[in-house]
Structure formats: C-alpha cells, structure tokens
Amino acid sequence: MSTAPVAEPEVLLDANGMPIETWGGKFERKFKENPFVPVLAGLTTVSLIIAATKLRRRDSVSLNHWLRVRVVMQGLTIAAVVGGSWWYGQMKHQKEAAAAAEQERVLERAAFEARLRAAEEADRLEKLEEEVHKRAAAQGGAKAAGWLGGLFGKGGSDGGSEAQGSSKGSSA
C-alpha cells in the first residue's frame, strides 16, 4: 500500500473561470439532482427503438402499442422534469432559509457574547473600585478615596483643607 497522497484531478477552467464540465460529469450531476428524468428518457428511447423495429417488420398492432408507450413515457419524463425542478427549487429555498437562520443565530450569539464581555468588564471595574474604596477606608486616608486622589468626588477633606488654608494664608 502506498502512502503517497492521491493527486486531485486537474480541473479545466473556461474564460470566465468556471470549471468546464465533461459529459459524464454533467450526466452524473443531473442524475443526482433528479434521477427520474434520465431513467424515463432512456425508457422513452427504448420504446421508440422497439416501435421502429415493429415498423420495419410491418407489425402495425404492436407498432401502435409501442408508440403509445413512447407517448406515455414522454409525458412521464416531462412530469419528472417539472416535478424535479419544483422539488429542487424547494430544497434550494429550504437550504437558503436554513443558512439564513444559522447566520442569524451566529450573529445573535456574537452580540450576546459582546454584551456578556462588556458586563463582565463593568463588573470587574466595579469590584476593583470597591476594593480601592475599602483599602482607602482601611488606611484611614480619605485622600485616595475619590477620583484623582481625592480632588473630585468622595473624600478630599485633606486636599480641600490645604486649598482653603492656602487661600486663608494669602488673604491674611
């Protein structure tokens, strides 16, 4: 057994960059999309060939029978083409709807995760600020309790007294 990687078949491209499809590849793809059409088309062809042989043998009763079979097969083939096209369209529509729903779910999940990260960050900042306030209260210094070392917000009695003391000192 060889461990060498299997080479991918070379795909030929047309002028627009689309892959060129062989007859066999196209038949295989179409057969997978709607298997009834090629089967019924083959049966139509077989009934026409049999009718042609009956014509050469001048067997008119059997010829008429096989021509009727051919007409029925042609009708079934047309019905299979129309039904297969409708079915293929329905499946394509369902796949598109499922893809859109999946995309919507992914976007909702991403938005939820972004909101969750923002809430976690806000919670972390609140806990950090609470810890800073507790440390400041434990140290007894109200100077570090507010923003910018007590100049704004809570506390600031030391900073405020210095500012009031300097203004009293300058006026006296």
Side-chain angles (χ1 to χ4, degrees), residues 1-133 146-149 151-153:
M1 227 172 153
S2 174
T3 59
V6 177
E8 290 290 323
E10 187 175 328
V11 177
L12 300 175
L13 302 176
D14 64 2
N16 296 327
M18 300 297 292
I20 297 174
E21 198 169 27
T22 63
W23 284 87
K26 185 173 184 177
F27 178 78
E28 184 178 333
R29 180 176 56 87
K30 292 288 187 179
F31 191 80
K32 286 179 182 177
E33 286 177 7
N34 190 355
F36 297 113
V37 173
V39 170
L40 289 171
L43 290 175
T44 302
T45 305
V46 167
S47 63
L48 183 62
I49 291 170
I50 292 173
T53 59
K54 299 298 180 182
L55 178 65
R56 291 185 86 195
R57 292 184 185 161
R58 297 186 183 262
D59 186 2
S60 63
V61 174
S62 189
L63 169 67
N64 284 331
H65 170 74
W66 283 105
L67 287 177
R68 288 183 185 124
V69 169
R70 178 192 58 89
V71 169
V72 169
M73 289 297 142
Q74 280 180 320
L76 290 175
T77 303
I78 297 299
V81 167
V82 172
S85 297
W86 177 80
W87 180 260
Y88 185 70
Q90 291 294 317
M91 291 295 112
K92 186 176 179 183
H93 178 69
Q94 287 178 356
K95 286 179 184 177
E96 289 173 355
E102 178 67 19
Q103 181 69 19
E104 180 73 20
R105 189 187 69 75
V106 166
L107 291 174
E108 286 178 5
R109 180 69 182 177
F112 169 75
E113 288 176 357
R115 289 191 311 270
L116 181 64
R117 281 192 302 273
E120 288 174 344
E121 182 64 20
D123 184 52
R124 188 185 68 78
L125 290 175
E126 281 181 13
K127 287 180 181 177
L128 186 63
E129 185 177 333
E130 186 178 306
E131 187 179 321
V132 167
H133 286 305
W147 292 353
L148 294 176
L151 295 178
F152 300 105

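Residue numbers run from 1 in the order of the sequence given. Side chains are part of it too, since the values below use all heavy atoms of this structure and drop only hydrogens, waters and symmetry mates.
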Which pairs of donor and acceptor atoms, one on a side chain in residues 101-116, lie under 3.5 Å apart (sequence neighbours left out)?
residue	atom	partner	partner atom	Å
E102	OE1	R105	NE	3.4
E102	OE2	R105	NH2	2.8
R109	NE	E113	OE2	3.0

Step-by-step side-chain contact (heavy atoms from CB on, under 4.5 Å) determination, K127 to R124: CA-CA 5 Å; K127 287 180 181 177; R124 188 185 68 78; 5.9 Å; no
Salt-bridge criterion met for E33 and R29 (N-O under 4.0 Å): yes
Residue list, salt bridge (charged side-chain N to carboxylate O under 4.0 Å, His left out) with E130, at least two apart or on another chain: K134
Close side-chain approach of E129 and E126, heavy atoms under 4.5 Å: no
T77 to L40 - nearest heavy-atom pair and separation: OG1-CB, 3.2 Å
Name the atoms and distances for all side-chain donor-acceptor pairs under 3.5 Å in residues 48-72, with sequence neighbours left out.
residue	atom	partner	partner atom	Å
T53	OG1	I50	O	2.6
N64	ND2	S60	O	3.3
R70	NH1	Q74	OE1	2.9

Shortest non-hydrogen separation from V37 to N34 and the atoms involved: CG2-ND2, 3.3 Å
Lys/Arg N to Asp/Glu carboxylate O, K32 vs E28, below 4.0 Å: yes
